[in-house]
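This structure is a prediction, so every number in the text was calculated from the model and none was measured.
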Amino acid sequence: MVKKLLALLFVLGFTSTLFAQSTPAASPAPAPVKKKKMAGGDESGIKKAFNGVTTAWNAGNADGVASFFTSDATLINPMGQQGQGHDGVLQVITGDLTGPLKGTQQTFGDFSFTFVMPNLALVDATATLTGMTAPDGTAAPP
């Protein structure tokens, strides 16, 4: 029985040595990844741009409103009309300000900002449009 026990210990010792040689050494755990915190952007500058849109809209100035859109912008108005690029955006806004939204007043509030990059922000805001009339000629709610 002692011989069997010694033989078993020898086999276990020999095989564990073989496995230890064939198994690659465990690599150290990777360093924890540090999340980059995006630099905050210019919230007041963004609000200033929205105020510029408001001022131009309230004056009925389509060129002024369109000047806040980039050359590759796309605008879809509440009636589903779409304008692409500066000229397309200007065309939609001109149609709005000389047509069904003529004389309306617009404001923005309840801003929420997510800065994706220092120069790119996702902005969620509430736009309120007043002074509209319903198809029957009565005042529409804001």
What closest approach, in Å, do [X] and [Y] show between heavy atoms, and which atom pair accounts for it?
X      : Y      : answer
Ala66  : His86  : O-CD2, 3.7 Å
Thr94  : Ala62  : OG1-CB, 3.4 Å
Pro142 : Thr130 : CB-CG2, 3.8 Å
Val65  : Ala56  : N-CB, 3.5 Å

Is the shortest heavy-atom distance from the side chain of [X] to the side chain of [Y] under 4.5 Å?
X      : Y      : result
Thr74  : Phe69  : no
Gln84  : Val89  : no
Thr133 : Thr138 : no
Met132 : Leu101 : yes

Practice item. May I ask whether Leu97 and Ile76 are part of the same hydrophobic cluster, defined by side-chain heavy atoms of I, L, V, M, F, W, Y residues being less than 4.5 angstrom apart, directly or through others? Key: no
Practice item. Kindly state each residue pair satisfying side-chain hydrogen bond (donor to acceptor under 3.5 Å, both in side chains) with at least one member in residues 45-54, sequence neighbours excluded. Key: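 For residues 45-54, and leaving out neighbouring residues, there are no side-chain hydrogen bond (donor to acceptor under 3.5 Å, both in side chains) pairs at all.
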Would you mind writing out the side-chain donor-acceptor pairs for residues 105-124 within the sub-3.5 Å range, not counting sequence neighbours?
residue : atom : partner : partner atom : Å
Gln105  : NE2  : Asn58   : O            : 3.4
Asp110  : OD2  : Thr126  : OG1          : 3.4

Exercise for review: Mind checking the CG-NZ spacing from Asp96 to Lys102? Nearest 0.5 Å is all I need.
Suggested key: 13.5 Å
Check your understanding: Hey, does the side chain of Ser67 reach the backbone of Gly64 with a donor-acceptor pair shorter than 3.5 angstrom?
Key -> yes
